[in-house]
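Notes to accompany the following structure.
As a basis for the values below, the full set of heavy atoms in this structure was taken, side chains included, without hydrogen atoms, waters or symmetry mates. Below, chain A is the first sequence line, B the second, and so on; all start at residue 1. Since we're looking at a predicted model, the values are computed, not measured.
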Amino acid sequence: MPRLVSHPDEVKIVSRRFGQGAANIDRYIELGGYESVKKCLAQTPDWIVNEVKASNLRGRGGAGFSTGMKWSFVPKQSPKPKYILVNGDESEPGTCKDHLIFLHDPHAVIEGTIIAGLAVGAKTGFIYLRGEYRYLLEIVEKAVADAYARGFLGKNIFGSGTEFEIVTQTGAGAYEVGEESALMESLEGKRGIPRIKPPFPAVVGLYGGPTVINNAETIATVPHVIATGAAAYAELGTPRNGGTRLFCLSGHIQRPGVYELPMGYNLKKMIYEVGGGIANGNQLKAVVPGGSSTPVLRPEEIDIGMDFDQVGKAGSMLGSGGVVVIDDHTCIVEFALRTIGFYQHESCGWCIPCREGTDWLQKSLTRFHAGFGKAADIDNIQYLAENMLGRTFCPLGDAAAMPTIAFVKKFRKEFEDHLSGKPCPFAREGVPQLTVA
Amino acid sequence: MSPETLSIFSPALAARFDALVSNYPVKRSALVPMLLYAQDEVGYLSDGVIAEIARRLGLTELDVRNVASYYSMLRFKPAGRYNIQVCTNICCMLRGAYELYDRFQEELNIGPHGTTPDGLFSLEEVECIGACSWAPAIQVNYSFHDELTPDLVAGILADYRAQAGVPTDRSSSVGWKAQAERTKEHA
Amino acid sequence: MPDVTFTVDGKKLTAPAGTLLIEACRKAGIEIPSFCYYPGLSLQAACRMCLVRQEKVPKLQTACTTAVAEGQVFTTESPEIAQARKAMTELLLGNHPLDCPVCDAGGECELQDMTFKYGAGESLYAEAKQHRDEQQWSPAVFYDRPRCILCYRCVRICGEGMDVWALGVENRGVHSVIVPNVPGEGGGSGQLNCEECGMCIDICPVGALTSGSYRYKTRPWEMNHVSTVCAHCGDGCKVTLGVRQSSNGSEIVRGDNRDKSGINGDFLCAKGRFGFDFVNHPERLTTPLVRNAAGKLEPATWEDALRVAGEKLKQIRDTRGGAAIGVIGSNRTTNEENYLLQKFARTVLATNNIDHQRSTDYAAFARALAGHPGKTAGLREIASAPAILLIGGNPTDEHPLLAWQLRTNVRLNKARLYIANSRPIKLERQAKLTQELPPEGYKDLAAFLDAGQSDFSKAILAEESLVLVFGEEFRGPTVENLVAWGLKRANVRFAYLGDHANSRGAADMGLFPDLLPGYVPVTARGPFAEYPNLPAMPGKTLPQMIQAAAKGDLAALLVVGANPVARREVDLAALQNTFLIVQDLFLTETAALAHAVFPAASLYEKSGTVTNTFGDLQMVRKAADRAGAKPDFEILVRLADAMGADIRKLVPFGKGAMTADLGQSRGAQAGEADRHAVWLEANGLEPKLSPFDPFAVLDEIERLVPGYKLDRMNLLTGNDVRAEFAPSVVPPAAATAAGAENLIVPAHNTLFTSSTLGRYCPGLNEIEAHQTREHAEVAAD
């Protein structure tokens with residue numbers, strides 16, 4: 001069971017019911033659950049959309065698009081059925097927040113899905129969990145069955161005469177499926193290759209029907225937005241960045257864990273106060289602020305508020321909320337190699353720059369880290385990554401290129417220290433080293 | 001012969017598949033779950049599994065193979081009864097995942113993607129499994145074990161051996177669990 | 001869609017709204033590179049070569065997925081874009097083996113072109129390349145993964161285009177690989193179980209997919225590329241033959257679809273692509289054979305063989321009359337040769353005993369359409385018609401191009417395909433509605449449709465225009481019945497299916513005992529009144545000739561490019577008292593019985609025209625040369641010469657050809673000669689100079705044969721032109737209809753068979769064996 005943590009600075013909204021047994025439907029109701037959906041049933045779809053818009057809730061998957069805005073793109077009339085698709089393919093390294101939501105508060109996801117359905121006029125919602133989350137899928141499936149048994153789902157939800165169905169779905173191991181159009185492909189039983197956009201899912205999505213795709217945390221937040229009220233929720237965060245966020249602290253931090261903090265919370269404070277500073281008394285070398293695809297920050301760059309706009313201004317991204325802390329005993333080249341290794345493994349292979357670029361970067365970095373680098377490699381690695389950036393079919397290529405460029409630019413000295421004759425200065429016992437014949 | 005008698009799946013799984021395909025507007029939406037559930041039961045995606053799933057969904061075997069080969073959890077060869085998946089992605093790496101992985105290799109005396117001669121364990125390095133704040137973490141089949149240290153490896157293996165009814169002189173499951181709890185408290 | 005105006009590289013362009021930028025640019029002469037984009041196939045946006053800059057858009061956009069709209073501004077060439085494209089080629093070359101010096105595609109490789117254009121000449125890549133061994137998927141298709149750039153063209157042409165879906169993508173990321181549909185056993189190469197069309201090879205922009213028959217044989221620049229018409233089925237695909245010099249003439253080493261301008265567009269089937277190898281077959285006849293006193297065929301000079309055959313024919317004609325001579329023509333020779341053959345029979349041999357192996361009942365079709373011009377549909381029309389009713393047959397096997405046109409029309413134009421058949425066929429997947437018929441039910445179809453009881457007939461009756469495609473299930477009166485049903489309705493056009501490369505041409509050119517070219521009855525004569533010595537009465541049909549031979553009434557039989565002994569199971573004894581002359585490529589069962597055998601050039605070794613079963617007329621161009629063999633045209637002219645005939649009357653060549661006839665044919669004959677000269681003059685044409693020039697006969701065909709009024713400009717450009725099919729004189733029913741059923745012997749060739757000719761195509765035979773094996777394995781599973 002993943003350990004829960006807490007800190008006085010936390011503002012528990014989404015995590016309010018964590019550790020309270022709310023996976024049980026009665027307990028969920030006892031804790032105020034399913035009140036928001038009832039409230040929405042008494043309102044018009046436009047009211048719901050406007051409320052979510054006004055809350056400044058932004059997508060928790062990484063891109064940070066306004067949730068209310070996304071919903072408003074769905075056409076009112078559609079000859080094809082509309083769908084809600086909950087993205088629980090949580091796979092961005094550094095991110096484990098949906099894990100806790102599914103574990104502790106699955107009904108919040110269900111309730112949020114119904115509300116999204118009411119807002120856009122969808123009658124079916126799909127909740128897609130990554131394949132590795134089998135024990136969580138079982139929890140969600142049980143919650144869905146309980147909701148059906150209570151008449152919260154089905155042909156006549158809450159006696160309102162409205163129909164809403166939820167289908168759960170498992171993935172089978174693919175980071176790329178976290179991309180919304182690849183997620184739809186996977187749900188349609190295909191290889192997780194993204195679709196050409198436009199058309200966007202809000203117009204042509206699952207099975208050709210208009211589809212809203214939201215991250216599981218976003219969806220789980222929706223009932224709280226309705227319950228709290230848009231203005232009060234927005235108030236918790238910073239301008240244009242409403243509410244709170246689950247930040248996953250990991251790496252060389254004293255107290256790793258998932259903390260719910262207001263949007264705009266200072267990163268330095270998050271690391272040194274909430275997380276208790278760097279583990280083992282070491283010094284901070286770098287922070288990856290929003291999951292592995294976000295450009296790394298140097299210690300002098302972390303005195304910033306953690307919202308989409310401020311992190312963006314600092315040259316990185318808020319991403320999925322995975323804050324990875326790296327101490328001064330870590331080899332940045334090895335870290336970059338492990339990062340690119342992930343993208344090489346997860347590239348779907350559809351487009352040339354991502355397929356070939358991630359593989360090439362991984363091979364170059366492997367050789368480089370093993371002490372077989374040449375001075376020109378450093379520029380070549382940057383050149384390669386820069387030539388992937390912005391030119392791939394989907395954001396995965398950018399997700400591989402952006403951090404690579406940042407590692408080289410911000411830690412060039414460490415790359416230079418690896419140059420021939422000098423194996424990795426941080427070489428540790430037991431770390432596999434490449435031998436080049 | 002009826003489709004039922006032809007099925008290589010257990011009656012329960014076959015029934016589950018029948019129900020699954022009715023969940024969606026198009027049948028093939030059931031493909032990825034069916035592949036995973038079939039693998040859970042059969043151990044891997046044998047030619048027979050591919051053929052039956054293709055038949056059930058009205059797809060070509062080529063189509064099914066193309067989809068199956070895309071997903072990293074799906075395999076075309078048998079694995080051990082307990083497939084140990086060690087996450088070595090960044091967060092786990094920072095907290096000693098490679099040392100953990102090495103220890104599993106030593107304890108099991110197998111290499112990456114190896115299977116023990118008794119077929120009980122197989123070992124692989126995997127990408128992020130969504131337990132970053134509780135690193136390093138592994139999955140044994142679908143079970144998570146988090147906040148691990150190399151010293152806990154022997155206990156985990158002993159526990160699974162016991163679960164499988166294999167006699168062992170290793171420390172008992174109570175031992176490693178208690179040890180794990182202590183580690184958490186110290187962290 | 002209304003036109004919109006947008007700017008590309010400073011130029012104002014106009015195109016219908018929604019046109020893909022890459023297409024709009026190509027039409028305007030602005031080349032945007034791409035690997036994965038292919039017109040008519042689904043969009044991929046995978047290769048990222050077509051990246052362009054769109055004003056006010058932050059990222060570079062793919063031109064292959066950008067739909068043009070009013071006022072947009074694009075840049076397609078700039079240092080930024082050149083760098084992006086250079087980077088794509090650098091990335092591709094990272095794992096590419098760079099084995100261009102031995103690669104089949106070297107010299108016609110799109111990756112090479114891009115590398116030259118964008119200058120990714122220096123490699124930054126210092127790592128070991130991903131290597132995988134080459135795989136053989138079938139006798140026809142090899143796959144070399146290291147060369148593959150994963151553009152997915154092959155996957156799409158096989159799936160979307162052919163509806164075969166035999167190729168897929170396995171694994172992901174850099175491990176992605178194209179795979180065939182039969183998995184390899186024990187780590188071995190996968191196998192293809194498919195239609196073996198080889199379209200995947202043609203469409204591959206690099207050398208990843210190569211052809212079993214062509215690979216490693218030569219380089220593209222060492223070949224001449226000659227576009228001609230396929231020698232096999234009745235659809236008449238344009239095929240480009242790659243020809244290289246060889247010790248005994250020139251050798252065809254490749255058949256492909258390099259020239260996409262034909263009626264077949266992108267399409268070519270296994271026979272068109274791989275079935276050219278009969279020309280190089282070791283059993284090819286290269287010297288005339290004459291039966292010696294001991295009864296054995298032995299090689300002879302052309303002069304001797306022609307003298308023996310010519311003297312014998314002349315002697316029989318002069319002693320027993322033309323009625324004692326029979327002629328059997330070919331479904332694979334050119335229109336000019338067929339025309340010449342019947343003219344030779346009728347004017348030199350003085351007989352109407354002429355026929356051919358009829359694969360379908362064109363005569364009945366002609367009778368049904370007499371007086372209704374413009375009612376036949378060509379293959380281009382079938383690819384664009386809004387509604388098609390396909391009755392009987394199985395085009396996927398027997399008319400692969402027709403099947404392609406139907407699929408493409410349904411896929412790209414949402415055409416409505418209706419199928420009535422007595423058995424399930426693959427094209428039903430494209431059909432809007434299907435109607436199962438009892439095997440004997442075809443004749444009642446018109447009445448069934450008129451009754452309007454079923455959804456099927458209601459839908460047909462509701463169509464405002466319709467193309468009706470049918471085949472040999474309809475013969476004689478049932479053809480007339482069906483056509484009459486269509487003629488009652490406005491906007492119905494017809495296509496009637498026959499089997500071989502020029503079956504329609506054989507019929508059009510009058511290889512009938514009772515019909516002259518253009519289905520003019522022998523009894524009516526019409527424009528052919530100018531033929532000297534034209535016998536007044538219809539002659540014998542093919543079976544009647546054989547019967548006559550058995551009774552000793554047929555003293556000589558000339559068989560050109562046909563094998564009636566095998567096709568008709570003729571009793572060998574029947575021909576023992578007949579002087580048999582055969583012109584053919586091989587010593588067929590028929591040729592083996594002959595007294596004189598002339599080695600004939602194949603369709604790929606001569607020039608002329610052929611007419612496909614839809615009435616699309618095309619030029620065949622001489623691609624190869626086989627020392628020793630001669631075109632049937634030349635053989636016939638020389639045979640006539642050996643008989644002492646006046647060649648100028650047979651082939652109108654030279655100036656004032658006929659009037660120069662030394663006084664033997666003054667009067668009426670002189671007037672006829674003038675007619676040809678007058679016609680040439682009126683059409684601005686010159687007399688042809690050689691008696692062996694097929695164009696001299698084409699002139700006469702155009703002058704005399706109803707319906708063959710040709711658009712020469714297009715024909716000579718290499719395009720297909722329409723031959724009209726509507727005789728003004730109704731052919732008599734009696735002679736053609738009597739026993740018409742028995743005269744028709746459909747070939748029912750499959751994708752890999754081609755009657756007698758197919759036996760001499762080792763490549764096709766090997767493919768067929770492979771397919772039979774793969775099918776058997778699937779069935780056994």
Item to check | Gap between atom CD of A/Glu185 and atom OH of B/Tyr70 - 0.5 Å precision | outcome: 9.5 Å
Checklist entry - In terms of heavy-atom pairs under 4.5 Å, which option from A/Glu90, A/Glu346, A/Lys97, A/Arg130 contacts chain B the most? => result A/Arg130
Next on the checklist: Do A/Pro256 and B/Arg95 have side chains that approach each other closer than 4.5 Å (heavy atoms only, starting at C-beta)?
Outcome noted: yes
Checklist entry - So how far is it from B/Trp134 CH2 to A/Ser250 OG, rounded to the nearest 0.5 Å? => result 10.5 Å
Checklist outcome for this item: Counting heavy-atom pairs under 4.5 angstrom with chain A, the leader among B/Ala131, B/Ser69, B/Ser72 is B/Ser72
Item to check | Interface moiety of B/Val64 toward chain A, non-hydrogen atoms closer than 4.5 Å | outcome: neither
Checklist entry - Does NZ in A/Lys123 sit with more than 12 non-hydrogen atoms of other residues, nucleotides or ligands closer than 6.0 Å? => result yes
Checklist entry - Of the non-hydrogen atoms in A/Ser186 and B/Tyr71, which two are nearest, and what is the gap between them? => result OG-OH, 2.9 Å
Item to check | chain B contact via A/Thr330 - side chain, backbone, both or neither, heavy atoms under 4.5 Å | outcome: side chain
Item to check | Min side-chain heavy-atom separation A/His99-B/Phe144 under 4.5 Å | outcome: yes
Checklist outcome for this item: chain A shares the most heavy-atom pairs under 4.5 Å, among B/Val67, B/Val32, B/Ile129, B/Ile90, with B/Ile90
Next on the checklist: For A/Phe126, which atoms come within 4.5 Å of any heavy atom of chain B: side chain, backbone, both, or neither?
Outcome noted: side chain
Checklist entry - Rounded to the nearest 0.5 Å, how far apart are SG of B/Cys91 and CD1 of A/Ile253? => result 11.0 Å
Next on the checklist: Need one label for A/Val323: side chain, backbone, both or neither, based on atoms under 4.5 Å from any heavy atom in chain B.
Outcome noted: neither
Item to check | B/Leu59 CG to A/Lys190 NZ distance, which is reported to the nearest 0.5 Å | outcome: 11.0 Å
Checklist entry - To the nearest 0.5 Å, how far apart are CG in B/Asn66 and CZ in A/Arg191? => result 6.0 Å
Checklist outcome for this item: The interface call for A/Tyr83 against chain B, heavy-atom contacts under 4.5 Å, is side chain
Checklist entry - What residues of residues 20-31 of chain B sit under 4.5 Å from chain A when only non-hydrogen atoms are counted? => result B/Asn23, B/Tyr24, B/Pro25, B/Val26, B/Arg28, B/Ser29, B/Leu31
Checklist entry - Where do A/Gly131 and B/Tyr142 come nearest, in terms of heavy atoms and distance? => result O-CE2, 3.6 Å
Checklist outcome for this item: Bottom line for A/Thr170: the part with an atom under 4.5 Å from chain B's heavy atoms is both
Next on the checklist: With heavy-atom distances below 4.5 Å as the criterion, would you say the side chains of B/Met93 and A/Phe335 are in contact?
Outcome noted: yes
Checklist entry - With only heavy atoms counted, which part of A/Ile166 is less than 4.5 Å from chain B, the side chain, the backbone, both or neither? => result neither
Checklist entry - Roughly how far, to the nearest 0.5 Å, is the CD atom of B/Gln139 from the CD atom of A/Glu132? => result 6.0 Å
Item to check | Contact leader toward chain B among A/Gly276, A/Gly257, A/Gly94, A/Gly192, where contacts are heavy-atom pairs under 4.5 Å | outcome: A/Gly192
Checklist entry - Looking at side-chain heavy atoms only, is the closest gap between A/Cys248 and B/Cys132 below 4.5 Å? => result no
Checklist entry - When you look at CD of A/Gln283, are more than 12 heavy atoms from neighbouring residues, nucleotides or ligands closer to it than 6.0 Å? => result no
Checklist outcome for this item: Looking only at heavy atoms, the pair that brings B/Cys128 and A/Ser91 closest together is CB-O, 4.1 Å
Checklist entry - Checking heavy atoms, do the side chain of B/Thr88, its backbone, both or neither come under 4.5 Å from chain A? => result both
Next on the checklist: For residues 33-43 of chain B, which residue pairs pass the salt bridge (Lys or Arg N to Asp or Glu O under 4.0 Å) check, not counting sequence neighbours?
Outcome noted: A/Arg134-B/Asp40
Checklist outcome for this item: Okay, B/Gln105 and chain A: the region with an atom under 4.5 Å from a heavy atom over there is neither
Item to check | Region of A/Leu249 that comes under 4.5 Å of a non-hydrogen atom in chain B | outcome: backbone
Next on the checklist: Need one label for A/Glu165: side chain, backbone, both or neither, based on atoms under 4.5 Å from any heavy atom in chain B.
Outcome noted: neither
Checklist entry - Heavy atoms, side chains only, cut-off 4.5 Å: are A/Pro93 and B/Glu127 in contact? => result no
Checklist outcome for this item: Bottom line for A/Ser320: the part with an atom under 4.5 Å from chain B's heavy atoms is neither
Checklist entry - In terms of heavy-atom proximity below 4.5 Å to chain B, should A/Val258 be classed as side chain, backbone, both, or neither? => result both
